[in-house]
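The structure's right below; bear with me while I get my questions together.
Chain letters run A, B, ... following the sequence lines, proteins first, then strands; residues in each count from 1.
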2 protein chains.
Amino acid sequence: MLKEVIKTLTDRQKLILQAIVREYTDTGAAVGSKALTNRLPIHVSSATIRNEMAALEEAGYVQKEHTSSGRVPSLAGYRYYVDHLVNDDPVANNDIALIQSELGGSFSKIDEIVEESANLLSKLTSYTAFTLRPEQADVQLSGFRLVPLGNHQVMAILVMDNGDVANQTFSIPRSMESDQLESVVRLINDQLVGLPLPEVMLKLNTEIPAQIKQYMQTPDGFLGLFNQVLDQAAAERFFVGGRLNLLNFSVNRDPQDLKSLYQLFDTSDDIASVLSPPDNQVRVKIGDEIRNDLLKDYSLVTATYDVGQHGRGMIAVLGPTRMPYSRMIGLVGAFRHELAAKLLDYYRHLDE
Amino acid sequence: MLKEVIKTLTDRQKLILQAIVREYTDTGAAVGSKALTNRLPIHVSSATIRNEMAALEEAGYVQKEHTSSGRVPSLAGYRYYVDHLVNDDPVANNDIALIQSELGGSFSKIDEIVEESANLLSKLTSYTAFTLRPEQADVQLSGFRLVPLGNHQVMAILVMDNGDVANQTFSIPRSMESDQLESVVRLINDQLVGLPLPEVMLKLNTEIPAQIKQYMQTPDGFLGLFNQVLDQAAAERFFVGGRLNLLNFSVNRDPQDLKSLYQLFDTSDDIASVLSPPDNQVRVKIGDEIRNDLLKDYSLVTATYDVGQHGRGMIAVLGPTRMPYSRMIGLVGAFRHELAAKLLDYYRHLDE
DNA sequence: TTTTAGCACTTGAGCTATTTGAGTGCTAAG
DNA sequence: CTTAGCACTCAAATAGCTCAAGTGCTAAAA
């Protein structure tokens with residue numbers, strides 16, 4: 001993709017573009033030259049502003065809704081604003097306080113913390129928020145249990161070395177003896193426990209089936225179960241908060257589109273791919289930069305958060321292109337910081 | 001509540017009311033006397049129909065949107081239609097086929113079947129569907145396990161005699177010894193296993209705390225956990241399918257109302273109380289008969305389904321008051337039948 | 001050369017007729 | 001009891017008008 005030529009703007013043009021974006025994201029109405037005279041730190045007449053606006057329009061940063069309307073920022077205008085003109089508003093103190101108090105409670109799983117983060121972030125922004133739990137590249141299977149529950153029901157439990165637990169109940173053939181089960185547990189413990197997950201998956205599809213046949217006639221079901229449990233654990237990485245807020249900032253949209261959007265939220269693989277690039281900053285994607293047709297009228301503020309050896313997660317806020325970017329960027333930045341701190345704290349308690 | 005006086009209608013008035021309801025639920029537009037002349041099995045002039053319509057309006061079964069508009073059924077009109085004028089349309093063959101094929105797969109839990117039913121029912125109707133899993137009045141706690149997972153993590157597993165399993169992981173104090181845990185398990189098994197759930201809850205709040213104190217300094221957390229697991233199992237009784245379909249038949253509604261509705265769906269206790277009376281028929285509640293302000297512009301078609309000794313569940317469809325009642329009643333009737341059959345089949349496999 | 005005042009022009013939003021069509025109630029004749 | 005006929009009503013669509021906010025351009029002022 002060719003990088004757009006960035007027109008050089010004079011300082012005054014920058015001030016005007018900044019004022020247009022601020023005013024428009026605040027009010028939602030196209031902004032005219034007269035209205036701007038009051039909002040600018042410098043004193044110039046509306047005629048001068050009109051001239052500058054014409055230049056900004058020429059450069060592609062603002063556009064008109066119709067011949068005699070005020071100007072509205074274009075996607076390029078937002079982009080320029082976000083790249084060069086946002087000011088670092090300090091995050092409101094009570095926002096920080098709210099984050100700390102809501103994340104301050106005691107949680108019994110990281111997933112709960114990450115899920116609650118999605119809700120909290122959507123509450124703070126009034127938009128829709130996404131969170132991805134930290135992914136540890138080298139997580140290992142650290143324990144395997146089969147617990148007979150009676151009635152030919154058995155619960156399989158997988159424990160990971162990062163504290164994650166996955167479980168699933170299933171039925172076993174009536175013909176199966178309990179010492180057969182024990183043999184299977186021993187086999188799994190010998191062969192798979194202590195290995196990183198990708199290796200576990202690999203072995204499950206190569207060596208293990210042959211060995212397990214000694215104890216079970218039809219190991220396929222049992223092995224499928226294993227995959228299922230691991231998949232399920234993987235699926236729970238992704239959380240959405242404030243789904244319904246989408247209704248607030250998507251007025252006048254075809255209900256069919258809304259449905260598609262909600263379906264997109266529910267297919268975590270798809271949406272995750274849309275999200276953050278893995279660099280360590282707050283990032284803003286505007287309109288079609290999101291590279292998803294359904295989201296081309298929205299903006300996305302994303303950031304990773306770093307939990308040291310336990311990997312990195314991601315948080316994101318989806319809102320209208322005319323969102324107050326300064327506030328959002330500040331908020332997401334603060335949030336990622338608080339969340340990382342909370343999770344580090346959580347892991348510290350777990351390990352000690 | 002006083003029973004409304006039901007005006008006696010002539011046969012011709014019944015035909016006209018029936019035609020009005022049909023036409024209106026089909027098209028959504030108020031229906032006039034002229035349009036009806038073609039839709040009626042008898043031949044009368046529009047003037048006659050006008051006279052009859054005036055009588056129906058007098059009786060409260062239809063109303064006008066404004067002085068010179070056609071007629072629209074009133075809630076009482078729908079009620080009369082549902083009570084006396086629906087015809088038993090045979091359910092479409094491919095609807096039945098679809099139900100059977102979607103429910104035909106193999107499921108590992110009844111909850112999955114009941115949840116899938118909610119989705120399927122919403123798909124069939126294009127409305128929003130609710131399902132409640134069968135409740136067995138006298139379900140007993142049939143097993144209790146504590147599985148140490150390492151790292152001071154323990155998983156508690158409760159098994160019910162109807163095959164339900166609930167589980168939760170939690171952390172224990174580092175000071176706790178494994179023989180203490182074993183004692184607790186023994187205590188629970190001796191005192192609680194084999195009892196019906198309500199009694200389990202009772203004892204947990206009376207005798208048990210004192211006894212458990214022998215092994216644990218602070219049993220509160222542990223007992224709270226127990227409640228939590230049981231609550232969680234209870235919360236999973238209730239499923240919603242086709243939430244988003246609400247958007248289709250709630251156009252022009254305040255987004256705030258929609259949010260309240262979705263919140264209502266998520267508080268299963270509230271919504272469950274709104275649903276079916278426990279008689280063994282397909283029931284229709286129209287508008288304010290639902291006795292919930294948020295739902296007063298909707299209709300609800302509910303039915304119980306009977307799984308013999310394993311109790312009864314419930315299914316329901318929520319749609320606009322102008323829904324095609326004949327089709328809905330037929331469909332819900334067929335669905336409850338198929339679902340009951342599937343569950344009986346499931347339990348038969350489980351018990352054998 | 002840059003800024004500004006002034007002015008003619010454009011446009012959507014809001015308002016007020018006006019028309020049209022679907023529908024009603026009523027009356028009087030069949 | 002039914003129906004044709006007619007005067008009447010009302011929402012929805014259409015057209016015309018005004019108003020406010022905005023623009024671009026020109027020529028004078030700085």
Is it true that A:Y325 and A:Y78 have ring centroids separated by less than 6.0 Å? yes
Counting just side-chain N and O atoms, does A:R12 come under 4.0 Å of either OP1 or OP2 of C:dT2? no
A:T48 has a side chain; which of C:dT4, C:dT24, D:dT9 sits nearest to it?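 Among C:dT4, C:dT24, D:dT9, the one nearest the side chain of A:T48 is C:dT4.
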From the list D:dG24, C:dA22, C:dT4, which nucleotide is the closest neighbour of the side chain of B:S68?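 So the side chain of B:S68 is nearest to C:dA22.
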Testing the 3.5 Å rule here: is there a donor-acceptor pair between the side chains of A:R322 and A:T25? no
Return no unless some side-chain N or O of A:T67 is found under 4.0 Å from OP1 or OP2 of C:dT11. yes
Looking at D:dA11, C:dT4, D:dT23, which one has an atom nearest to any side-chain atom of B:H66? D:dA11
Whole-Å distance, B:N51 CG to D:dG5 P, equals 16 Å
Which listed nucleotide (D:dA21, D:dC10, D:dC6) is nearest to the side chain of B:R50? D:dC6
Separation of C:dT3 atom C1' from A:I16 atom CD1, nearest Å, is 13 Å
With respect to the side chain of A:S45, which nucleotide from C:dG23, D:dT23, C:dA5 is positioned closest?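 Given the options C:dG23, D:dT23, C:dA5, the side chain of A:S45 is closest to C:dA5.
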Nearest-Å distance, CD (A:E52) to C1' (D:dC25)? 16 Å
Measure the distance from CE on A:M53 to C1' on D:dG22 and round it to the nearest whole Å. 10 Å
Interatomic distance, A:I49 CD1 vs D:dT23 P [rounded to whole Å]: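 Atom-to-atom, A:I49 to D:dT23, this comes out as 9 Å.
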In whole angstroms, how far is the P atom of C:dT2 from the CG atom of A:D11?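 For the pair A:D11 CG and C:dT2 P, the rounded distance is 15 Å.
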Starting at CD of B:E57 and ending at P of C:dT24, how long is that distance when rounded to a whole Å? 10 Å
For D:dT23 and A:S33 - does any side-chain N or O of the residue sit under 4.0 Å from the phosphate oxygens OP1/OP2? yes
B:E65 CD to C:dT24 C1': how many Å, rounded? 14 Å
Is a donor from one side chain sitting under 3.5 angstrom from an acceptor on the other, for B:R79 and B:Y61?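 No - no donor-acceptor pair under 3.5 Å links their side chains.
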Just by distance, no angles: are the side chains of A:N245 and A:T128 close enough, under 3.5 Å, to form a donor-acceptor pair? no
Which one of B:I286, B:L246, B:N292 satisfies the side chain to side chain contact (heavy atoms under 4.5 Å, CB included) criterion with B:Y298?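 Going through B:I286, B:L246, B:N292 one by one, the side chain to side chain contact (heavy atoms under 4.5 Å, CB included) with B:Y298 is satisfied by B:L246 alone.
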Among the nucleotides C:dG25, D:dT23, D:dT2, which one has an atom lying closest to any side-chain atom of A:K64? D:dT23
Name the closest nucleotide to the A:V44 side chain, picking from C:dG25, D:dG24, C:dT4. C:dT4
